[in-house]
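The structure appears right after this line, and notes come after that.
Note that ligands are numbered from 1 as they come in the structure, with each ligand's atoms numbered from 1 the same way.
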Amino acid sequence: MDILVVGGGGREHAVIKALKASRRAGKIYALPGNGGIAADAECVPIKATDIAGIVEFARAKNVDFAVVTPDDPLVLGCVDALELAGVPCFGPTKDAAIIEGSKVFSKNLMKKYGIPTAASETFTSAEEALAYLKAASYPVVIKADGLALGKGAVIVENYEQAAAAVDDMMVRHVFGASGDRILVEEFLEGPEVSVLSFTDGKTVIPMISSMDHKRAEDGDKGLNTGGMGTVAPNPYYTPEIAAECMEKIFLPTIQAMNAEGRTFKGCLYFGLMLTKDGPKVIEYNCRFGDPETQVVLPLLKSDLLEIMLAVRGGMLREELVRFSEGAACCVVLASRGYPKKYDTGFEITLPETERGEEIYVAGAKLECGKLVTSGGRVLGAVATADTLEEAIERAYALADKITFENAYMRRDIGKRALAALKGV
Ligand code: AMP
Ligand code: GLY
């Protein structure tokens with residue numbers, strides 16, 4: 001089967017490598033891919049948001065299957081357009097992708113169907129939001145309704161900070177139309193867990209759990225980023241909590257989407273917070289997480305393409321999805337300065353990888369045959385091992401062998417998870 005993958009980050013590199021290992025995989029195209037993905041797929045310079053261009057390419061090449069992973073094409077209806085053109089897809093339709101595309105939609109869904117989440121109020125005018133925030137008790141979380149490159153949630157400690165966030169979103173429109181509506185949300189506390197799941201709208205099969213590290217600096221300090229590293233499994237996510245999540249969150253969400261006439265098929269990502277009142281939903285994503293995918297897929301023992309075909313066909317079964325007992329760690333190497341200003345264009349030297357090691361490239365391009373940096377998050381150094389401790393050690397050993405000017409990484413990915421394992 002010839003396969004088209006829409007996207008061009010570290011997550012897509014991980015997806016492509018897993019698909020490549022499938023016995024049924026033929027040619028793989030990445031739209032647009034990146035300089036690192038070029039080693040594993042044919043990269044075609046069509047943007048992930050150029051829906052018409054993607055459909056035209058899929059038809060011209062007669063691809064048998066398409067996998068759409070980034071949020072924006074999904075929310076724009078890329079799957080609907082491809083399916084209409086006769087190309088079977090893995091990924092939710094536009095109607096279902098709204099679960100990530102609108103935080104107001106997903107909050108209302110959770111309220112209507114009794115799915116545990118933070119209490120919140122929705123505002124469409126800055127005046128009303130400010131009046132509410134004057135009387136609020138802090139901290140609270142202010143969220144733009146629509147997609148905002150992962151930067152649409154701000155935790156504020158007082159009215160001044162809240163007013164600045166409202167001004168950014170609703171008056172200065174820094175996230176465009178995404179800030180026309182905002183949510184003011186109760187601040188929750190507890191460990192965060194990411195659970196990606198496969199669902200065909202009937203069955204939901206959670207993948208191995210993971211933990212993201214969103215802040216730029218060690219000790220969870222500094223600015224929020226797209227993710228500086230991940231580990232899997234997440235030690236806070238015990239079998240008891242997993243069972244509770246299945247009963248109170250995962251199945252009710254799938255059923256709620258069905259009841260709304262928005263059946264979700266694809267990868268549904270549950271961003272959870274384990275509060276003292278039980279697990280609550282912080283966010284839904286309509287897709288694989290980045291960089292969670294980079295630790296989840298290396299632990300998948302089953303054939304990813306078979307699973308994706310079963311999801312598309314409404315034939316998902318438990319026995320199709322098997323994970324190994326081990327652990328994985330991904331250390332992101334970024335350009336120094338990310339998520340603010342940074343320089344690019346530096347040559348990258350990659351070491352040979354051994355069994356249980358992967359390098360997933362995110363922000364790099366080929367220039368005269370050389371791989372050079374082109375983005376904030378450049379690549380992920382990933383290792384799997386029997387234990388989390390060993391996986392972390394190996395991921396850092398691998399990361400230390402990768403060189404480019406201005407490289408930056410956190411030194412404490414997995415530290416909190418290890419402490420939790422040891423009961424500290
Ligand atoms: P989001 O854009 O919704 O994924 O939020 C980004 C990050 O903000 C999350 O990963 C949490 O760390 C934090 N966050 C979001 N909502 C809340 C909340 N209600 N309480 C505490 N932290 C939150
Ligand atoms: N790592 C969080 C996300 O993919 O949104």
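- Shown here for Pro233 and Ile208, the closest heavy-atom pair between the two residues is CB-CG1, 3.8 Å.
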Quick one: ligand 1 N/O to protein N/O pairs below 3.5 Å?
unit_1: ligand 1; atom_1: 3 (O); unit_2: Lys103; atom_2: NZ; d: 3.3
unit_1: ligand 1; atom_1: 3 (O); unit_2: Lys143; atom_2: NZ; d: 3.3
unit_1: ligand 1; atom_1: 4 (O); unit_2: Glu283; atom_2: OE1; d: 3.0
unit_1: ligand 1; atom_1: 4 (O); unit_2: Glu283; atom_2: OE2; d: 2.9
unit_1: ligand 1; atom_1: 10 (O); unit_2: Glu192; atom_2: OE1; d: 2.8
unit_1: ligand 1; atom_1: 10 (O); unit_2: Lys214; atom_2: NZ; d: 2.9
unit_1: ligand 1; atom_1: 12 (O); unit_2: Glu192; atom_2: OE1; d: 3.4
unit_1: ligand 1; atom_1: 12 (O); unit_2: Glu192; atom_2: OE2; d: 2.4
unit_1: ligand 1; atom_1: 16 (N); unit_2: Lys143; atom_2: NZ; d: 3.0
unit_1: ligand 1; atom_1: 19 (N); unit_2: Glu185; atom_2: OE2; d: 2.8
unit_1: ligand 1; atom_1: 19 (N); unit_2: Glu186; atom_2: O; d: 2.9
unit_1: ligand 1; atom_1: 20 (N); unit_2: Leu188; atom_2: N; d: 2.8

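- Against a heavy-atom cut-off of under 4.0 Å, Asp212 is close to the following atoms of ligand 2: 1 (N), 2 (C).
- Shortest contact from atom 2 (C) of ligand 2 to any protein heavy atom: Tyr269 OH, 3.5 Å.
- With ligand atoms numbered from 1 in the order given, ligand 2 contributes 4 (O) to contacts under 4.0 Å with heavy atoms of Gly289.
- Arg11 does not count as a contact of ligand 2, since none of its heavy atoms falls under 4.0 Å from the ligand.
- Contact detail for Tyr284 and Met110: the closest heavy-atom pair is OH-CG, 3.5 Å.
- In summary, the aromatic rings of Phe65 and Phe90 are positioned with their centroids too far apart to meet the 6.0 Å limit.
- Remark: Glu83 engages Arg312 in a salt bridge, criterion side-chain N to carboxylate O under 4.0 Å.
- Residues Val382 and Leu398 share a closest heavy-atom pair of O-CD2, 3.7 Å.
- Counting heavy atoms under 4.0 Å from ligand 2, residue Glu192 does not touch it at all.
- Closest to atom 4 (O) of ligand 2, if we only count protein heavy atoms, is Asp290 N, 2.9 Å.
- Between Lys107 and Thr122, the side chains place no donor N or O within less than 3.5 Å of an acceptor N or O (distance only, hydrogens not considered).
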Distance-only criterion, 3.5 Å: show the donor-acceptor pairs between side-chain atoms of residues 289-310 and protein atoms not counting sequence neighbours.
unit_1: Asp290; atom_1: OD1; unit_2: Gln294; atom_2: NE2; d: 2.9
unit_1: Asp290; atom_1: OD2; unit_2: Arg11; atom_2: N; d: 3.4
unit_1: Glu292; atom_1: OE1; unit_2: Asp290; atom_2: N; d: 3.3
unit_1: Glu292; atom_1: OE2; unit_2: Ser194; atom_2: OG; d: 2.8
unit_1: Glu292; atom_1: OE2; unit_2: Tyr269; atom_2: OH; d: 2.9
unit_1: Thr293; atom_1: OG1; unit_2: Gly289; atom_2: O; d: 2.4
unit_1: Ser302; atom_1: OG; unit_2: Leu320; atom_2: O; d: 3.1
unit_1: Ser302; atom_1: OG; unit_2: Arg322; atom_2: N; d: 2.6
unit_1: Asp303; atom_1: OD1; unit_2: Ser22; atom_2: OG; d: 3.0
unit_1: Asp303; atom_1: OD1; unit_2: Leu305; atom_2: N; d: 3.0
unit_1: Asp303; atom_1: OD1; unit_2: Glu306; atom_2: N; d: 3.1
unit_1: Asp303; atom_1: OD2; unit_2: Ser22; atom_2: OG; d: 3.0
unit_1: Glu306; atom_1: OE1; unit_2: Arg24; atom_2: NH1; d: 3.3
unit_1: Glu306; atom_1: OE2; unit_2: Arg23; atom_2: NH2; d: 3.4
unit_1: Glu306; atom_1: OE2; unit_2: Arg24; atom_2: NH1; d: 3.4

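- Nearest protein heavy-atom contact of atom 5 (O) of ligand 2 is Arg287 NH2, 2.9 Å.
- Just one residue in the list Asn234, Val195, Ile282 forms a side chain to side chain contact (heavy atoms under 4.5 Å, CB included) with Leu272, and that residue is Val195.
- Remark: side-chain polar atoms of Asp200 are paired, donor with acceptor, to backbone N or O of Leu316 under 3.5 angstrom.
- Each of the following atoms of ligand 2 lies closer than 4.0 Å to a heavy atom of Asn285: 3 (C), 5 (O).
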Requested in this report: Evaluate the criterion ring-ring contact (aromatic ring centres under 6.0 Å, His included) for residue pair Tyr338 and Tyr408; output intermediate values, then yes/no.
Outcome: CA-CA 9 Å; Tyr338 171 77; Tyr408 168 78; 8.9 Å; no

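- The atoms of ligand 2 that sit less than 4.0 Å from any heavy atom of Glu292 are 1 (N), 2 (C), 4 (O).
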